[in-house]
Amino acid sequence: MENRGQKRSETIDELPADKRTCSSLEFRPSSSSSVSPIETPTTSTNHTQDHDMETSSSASGSGSGGSHEDRDSAYGSCDSDEMGDGENRRQREALREIQRRRLSGDASKFKNVFKNLNEKSDESAQQAALHVLCEMLSFSSDSTLSSLIADKLSPLLIKFAGHQSNPEIMLLSIRALTYLCDIYPRSAGFIVRHDGVPVLCQRLLAIEYEDVAEQCLLALEKISREQPLACLQSGAITAVLTYIDFFSTSIQRVALSTVVNICQKLPSEGSSSYMDAVPTLCKLLQYEDNQLVEHVANCLIKITEQVHQLPNMLDELSKHGLIHQVAHLIDLKSHTTLSQSVHTGLIGLLVKLASGSMIAVEALFDLNISSILKDILSTYDLSHGMPSPRAFDGQDNQVHEVLKMLIQLVPVVTRNHDVQLAEEKAAFLTNNPRQLQTFGNDMLPVLIQVVDSGVDLSICYGCLSVIDKLLYYISSDKLLDLFKQTNISRFLAGVFTRKDRHVLMLALNISDTILKKDGDIFMGPFIKEGVLFAIDALISPEKGSRFMFSMFNDIHLSNRSSHKQCLCYSFNVIPSSESESQSCKLEKDSVQTLAKHVRTYYFDLNSSTSANGTTDILEKLKTLSVELASVTDGMVEDEYDQVLNRIMSCLDGGDVISTFEFVESGITQSLFNYLSPGECSRKSKSASGGSKSQPCISEQRLETFGRLFWSKFSLASFISKLQSALSSVEDFPVFLNGVFKNRSSYATVPNRHATTYPCLKVLFEKGEGESTLIDYSGDVQNVDPFSDFDALEKYLWPKVCSSDSKGVDETGSNGQSSSDSSQQNIGQTSAESVSGNETQNDPMDYEMTATQNVSDISADGQLSFYLEGKHIDRGLTIYQAILKHHKEEYDTITHSTLWNQIHKITYKKSSVFDRSSSPVSGCHTCLLSDIGSSVKKSTPCHNILFLLRILEDVNRFKFHIMSRARICDYAEGRISELDGVKPTSVGILKNEFVNTRLTEKLEQQLRDTLATSAGGMPSWCAQLMTSCPFLFSFEARCKYFKLSALGKHQGQRQVISRSNSDSENESPRSRKKFLVYRDRVLESATKMMNLHASQKVVLEVKYDDEVGTGLGPTLEFFTLVSNEFQKPGLGMWRGDNLLSSASLQSLGNPDSVIGGSPFGLFPGPWCPSVSGVDFSEVRKKFVLLGQIVAKALYDGRVLDLPFTKAFYKFVLGQELTVYDIKSFDPVLGKTLIEFQALVERRKYLQSVGENSAVNLDLCFRDTKIEDLHLDFTLPGYPDFILGSRPDKEMVNTTNLGEYIELVVDATIKSGISKQMEAFKSGFDQVFSIDHLQMFTDEELERLLCGESETWNPNQLLDLVKFDHGYTSSSPPILHFLEVIQEFDYEQQKAFVKFVTGAPRLPLGGLASLNPKLTIVRKHCDKFVDADLPSVMTCANYLKLPPYSSKQIMKEKLLYAITEGQGSFHLSAVFPIPAKTKTGIGSY
């Protein structure tokens, strides 16, 4: 017999037609979830289908004779209407009638079949009856069969299956049994009762006929789903695996599906029935078919789980090459791709083997398993403890499993219950020091990296447990080699900032082990990095560290924990319910006892240790810090400068300063006091006597502080110290909720509505001592977790306020009852249906609507809320408040406890109306804005964040500050040439300000399922994103922006798909199609935005009288709108007034002219006294522009609008100054700066007593101001009169300062304020413009306009897909790559627009293009060199003919990308390259 399945990956051959097994699946969908072998060509794991094609989301439009409105309505329909529902009802009635007729006919047919099968007729009649039966069953359903019929058929079919001579009868009877189980699953019980399984197994073992054997496998797979134990007892595993190599891959999958079904319910006794199959299963792990390997892996995982407590069985499993095969499969370098759940399950399999088999432990060390586990920990999704959404049968995630294995590989005898096995492992490690050293070199750096990234507490505990055990076995002479790549002292100091007693105990154990082995070497580093201070803080919190370990003042090291399961049991091999109730293994005072032991035994007895355990550098820094902090009224700013110079000289010197020394010295606190606005304003008032004309000392100090890094000291080095300190002292929590199944819940508070997420159980109680309010005696309430306390107050106030203190009419301002008013669906989203009439629950919109009716409650009705006596910040949701409380109390949280525990919240009447600010607020100056309530003031974390924000502003505004400094130098005579008034250096890179630890924490939080609502994230995320967005990478901020601004759906997409793609193909939001006229683009855009700007739908475009819709036409529409906004004559942009109608006519077609300034688009000033332009129309266009820009961001479209840097700053809410004018008008900007220098020079001369008219009459480039003949009109706008000046008044030295102020005001302030207000009003219709403030101007340009660079020639082969006739080595492809590399920038933009519909690539460049750019061979009916390329913009497909030469290809491509723009028609109709749309156009 032919071997058709073993160890191959080629395409699976079909069975011959006459021998193919049939299945009812051919005729109707199966109710099972397994893969039918008949469907192999379409269900193979190696899919070749191209999913890049985009399908239409709605029916096509109505006929062309309809009006614009009618057609828009037709194209906008995304849901079935009432007429469709009526048609469906009629179809269902017709189907029922057909079914009734079939039932009556089938009954008579079954009688005839029974008659023919029961009679002793010849074999031909029996064979014919079986044919009829198979045909009947293939079209039957569970409603056509009854238990009686199935029970009668089963023995007959089993008898014929055992026929000894006729293979057709065997095949047909077994096929009928298969159909019977598929239609009526309970039939499996009848077959088992009539001994059908042994008959099928006998046929398999005999394997006389291949098609009969295959049908037996199909039948057993169906039976094993319902009767796995009976199949096991009948020897089905042996039967299906004995000759598995002889079958095709599709049948092999069926066979292994049978074994998987049986292994789901293995008995506790009689292991030989499945252990005998292990050798065969181990061999099958070598196969290349992914699906087959996953089936085998699942079988072995279940078998190992069943025998994990039997050491002899574990040894048996380890003898058949299982460990080698599994280690190969979990290796990230393996060519076999497994699902996340199977990959995690295989790691768990090795854990169980290592827990009970010494053979397995030795084999794992021989395979150098540490290198494989290192790669898994290093590359694992950075979520470090985030459970996979495809968790395997309740097992822990990958990181937990890896840590379990590491813990099993290095057990400590005195800490292990299985002493005998632990002693064997310890002896092995002792006798094999080289393997142990390799293990340590692989694992220690990555374990430290995982802990330093701010992981969940349980992961931290697991990593430290492994480190603790590893160091226990490492000899003292090898310890230094192990620590070469890591600073273990700094690492331990960071671990000591954790509050959990289990973690602290492990840190003390590690410290004890290190000091015991190499105390003389590590004593000094432990003191320098603060380990000794941490130990002192544990012993006596009041005598410990002043700054870095001050958190121990607030912690009580007791046995209290929020964990339902103690950390002591979190890494058991098999978690049991008993461990959850077991008490903690740590004794009450074990932490303090061990801390005292380490302090006394190693430090107190060491004569070289200083009395207070400090270093010389720390004492020096403390002295400088005290000197800067000890401010006296008589100290002048020059003295501050001297102290600052000494501090920076020390920090920037040759001595190595540890993070602990830097933080503990108090330098950050002193610098905060020096630069903080409170101290500066006090000094300013005392120096000026309250005069408002006195320059702000805070600004002077800021400039002084900034100049330190431009002349003498390294800004990058100082920022690095601050970043390291921030990573050490920050304690921002990451709350990973795990992945809970979507379940229907019902929230009773603040309004009754169904939810798809859990609700919190809350009991509201009146606060102690509160006499003006009524005690709310309600039961425990199910509260929407994303409710804020304004909504809770609206719910409670009518129920708790006494009759004499009611300050609010319960009917509310709208005449509704308060309960009705509260029914405003705070949990609903605005992701409406296209008609706008349907809504669904969504917690994202809660924060936007919860505060709309705050005025309904008067100030004397304001409530204050408390959780366990602590006041709750009203800016948080109730979910955030509870999370914050648990983090402060326990340092961690178990989320099963969170959802099941009853939370008691007390309320009192508040005397002061105090409302926290919104997490997303306007941008303020760095000196005045608050960092957020998540960061306590006067803590090292707060001070460091403040300093980083100061330095980021100094770096960002370096040009402004340096320009001001140069102006001052000119004013005071230190430089004599005005041309010298320009900066000469640039700032450091923005990446220097990104904090890796905080970015990883935010990434973890964003991947959490429940955190896909902004109200489900810890409050520090929003607060730091508002006050210090530079701390996070641009990519992380983009993800947060999609969550907070664009709504839940785009954030949810990341969790569901685990994809970084921003393609709208993945968005679950509704879509709306809109008809656009090319000759009226702005008119169409206006109507589109008026109808749909506020709707949470993705807009798609179809052009009038053109074929094609979807991504390509939509991208081109936004490009066309961009071009329309740049045309002259709109009166919108600066420089537009310079193009007269005559000059436009001279340029040819006025509609094709793109106007605006060559330096970019910036609003032109407008004055009410200027006539000739209808300003109301200009404002409408700015409203439309705001809508278009916001909608492009919301839908992920690219615009081709060259806005200036100053425009982006205005959009971001930043105040513009005279220095920003240079970005859009360099000549005017430079002139104004030089004029300002003259004004400052004149002021300085007057201040020093120089009043000579000759000296005060300054010159502008050797020309007197009066000789410039400037009047009080705006430069470039002669009709724009500046201020209320007399006619023809000229500018002179005296009024030059006023002239500058008026020009600046007209150019970037009042002159454009109404236009920008209109822009923002349009933008806010889509989403709030405040959400953009987390970005810089350059980043906002990338978000809106895509990447300015097109592609890197060296990466083209990796970024482009070649298909349908082309490969990367095809001669036409090589020519194509050479041609596009020769394109200039404009030709590259034209090519990108031709292929994608947009002139610029999306954020991320060519690599992020989705679908991927694909080049396919175009088959030409005529001479190849006469044809042209064509594209499908929806799929980014370029159909390229195989031209005979590179030169011809270049000519045709250039012609196509220049002449083929602007229409979407069928390729076969038009001679020029036309763009087609999937499902509408054709190749």
Side-chain angles (χ1 to χ4, degrees), residues 960 963-964 967 1128-1140 1155-1179 1181-1182 1185 1203-1240 1260 1265-1266 1268-1321:
H960 297 187
S963 296
R964 287 184 58 181
I967 288 175
L1130 298 179
M1132 297 177 64
W1133 308 114
R1134 187 177 184 84
D1136 192 9
N1137 60 313
L1138 301 179
L1139 291 173
S1140 62
S1157 167
F1159 302 101
L1161 300 177
F1162 189 80
W1166 177 82
C1167 179
S1169 62
V1170 178
S1171 59
V1173 177
D1174 186 356
F1175 188 66
S1176 63
E1177 290 299 319
V1178 174
R1179 292 187 64 178
K1181 288 183 174 61
F1182 271 102
L1185 178 64
F1203 292 126
T1204 60
K1205 181 177 180 180
F1207 181 86
Y1208 284 118
K1209 291 180 69 174
F1210 212 121
V1211 171
L1212 294 173
Q1214 301 174 13
E1215 183 179 358
L1216 301 184
T1217 66
V1218 65
Y1219 306 105
D1220 294 302
I1221 297 178
K1222 289 189 67 174
S1223 69
F1224 57 85
D1225 195 333
V1227 175
L1228 177 61
K1230 182 179 180 182
T1231 301
L1232 291 175
I1233 292 175
E1234 293 181 4
F1235 279 175
Q1236 187 65 40
L1238 295 177
V1239 172
E1240 295 297 329
F1260 173 77
I1265 298 299
E1266 289 79 0
L1268 296 176
H1269 300 291
L1270 296 174
D1271 59 8
F1272 275 82
T1273 59
L1274 185 63
Y1277 296 83
D1279 296 331
F1280 195 119
I1281 307 299
L1282 297 173
S1284 56
R1285 311 296 299 185
D1287 293 341
K1288 304 300 182 182
E1289 180 180 355
M1290 305 305 291
V1291 179
N1292 53 44
T1293 305
T1294 305
N1295 60 20
L1296 180 60
E1298 185 181 1
Y1299 173 78
I1300 296 172
E1301 292 179 0
L1302 291 173
V1303 171
V1304 171
D1305 180 71
T1307 304
I1308 58 176
K1309 295 183 179 179
S1310 64
I1312 64 170
S1313 61
K1314 294 186 181 298
Q1315 297 94 305
M1316 293 307 299
E1317 288 173 4
F1319 174 88
K1320 291 181 178 180
S1321 69

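This chain uses plain numbering: 1 for the first residue, then up along the sequence.
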(request) Starting from the C-alpha separation in whole Å, work towards a yes-or-no answer on side-chain contact (heavy atoms from CB on, under 4.5 Å) for Q1236 and L1296. (result) CA-CA 8 Å; Q1236 187 65 40; L1296 180 60; over 6 Å; no

- Check the pair F1280 / F1272 against ring-ring contact (aromatic ring centres under 6.0 Å, His included), numbers first and verdict last. CA-CA 9 Å; F1280 195 119; F1272 275 82; over 10 Å; no

For a side-chain contact (heavy atoms from CB on, under 4.5 Å) check, start with the C-alpha distance between M1290 and E1266, then their side-chain angles and the critical distance, and finish with the verdict. CA-CA 7 Å; M1290 305 305 291; E1266 289 79 0; over 6 Å; no

- Query: Does the side-chain contact (heavy atoms from CB on, under 4.5 Å) test come out yes or no for H1269 and V1291, once each step is laid out?
  - Reply: CA-CA 7 Å; H1269 300 291; V1291 179; over 6 Å; no

Next on the checklist: As a quick check of understanding, evaluate side-chain contact (heavy atoms from CB on, under 4.5 Å) for I967 and I1233, giving each step before the final call.
Outcome noted: CA-CA 8 Å; I967 288 175; I1233 292 175; 3.9 Å; yes

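Two rings, from F1182 and F1175, have their centers 6.0 Å or more apart.
Closest approach of V1303 and L1232 over heavy atoms only: CG1-CD1, 3.9 Å. Contact between F1207 and L1161 at its shortest, heavy atoms only, is CB-O, 3.9 Å. Listed here is the closest heavy atom pair of T1217 and I1308: O-CD1, 3.3 Å. Heavy-atom minimum distance, T1204 versus G1160: CG2-C, 3.3 Å. For the residue pair A1306 and L1282, the shortest heavy atom distance occurs at CB-CD2, 3.9 Å. Here the shortest heavy-atom pairing between L1228 and P1275 reads CD1-CG, 4.0 Å.
In this view, E1215 and K1309 satisfy the side-chain contact (heavy atoms from CB on, under 4.5 Å) rule, not counting sequence neighbours. Residues passing the side-chain contact (heavy atoms from CB on, under 4.5 Å) test with P1226, sequence neighbours excluded: F1159. With sequence neighbours excluded, no residue forms a salt bridge (Lys or Arg N to Asp or Glu O under 4.0 Å) with R1179. Residues meeting the ring pair (Phe, Tyr, Trp, His ring centres under 6.0 Å) test with F1210, sequence neighbours left out: none. Applying the side-chain hydrogen bond (donor to acceptor under 3.5 Å, both in side chains) test to T1273 and every residue at least two apart in sequence or in another chain returns D1271. Not a single salt bridge (Lys or Arg N to Asp or Glu O under 4.0 Å) links K1181 to another residue, sequence neighbours left out.
Between the side chain of N1295 and the main chain of E1289, no donor-acceptor pair closer than 3.5 Å is present. With D1220 contributing its side chain and S1223 its backbone, the two residues share no donor-acceptor pair below 3.5 Å.
With contacts defined as side-chain heavy-atom distances shorter than 4.5 Å, the pair E1298/L1302 qualifies. Within the 4.5 Å cutoff, the side chain of M1132 has heavy atoms near those of the L1185 side chain. Between F1319 and V1211 there is a side-chain heavy-atom pair separated by less than 4.5 Å.
Between F1162 and F1224, the ring planes are parallel. Angles under 30° get that label, and only those over 60° would be called perpendicular.
Sorted by first then second residue, the side chain to side chain donor-acceptor pair (under 3.5 Å) pairs that include residues 1310-1321, not counting sequence neighbours, are D1305-S1310.
Note that the CG atom of L1238 and the CD1 atom of I1265 stand 5.5 Å from one another [nearest 0.5 Å]. Rounding to the nearest 0.5 Å places CG of D1225 at 5.0 Å from CZ of R1134. Distance check: W1166 CH2 to I1312 CD1 gives 14.0 Å after rounding to the nearest 0.5 Å. Between atom CZ of residue F1260 and atom OG1 of residue T1293 there is a gap of 12.5 Å, rounded to the nearest 0.5 Å.
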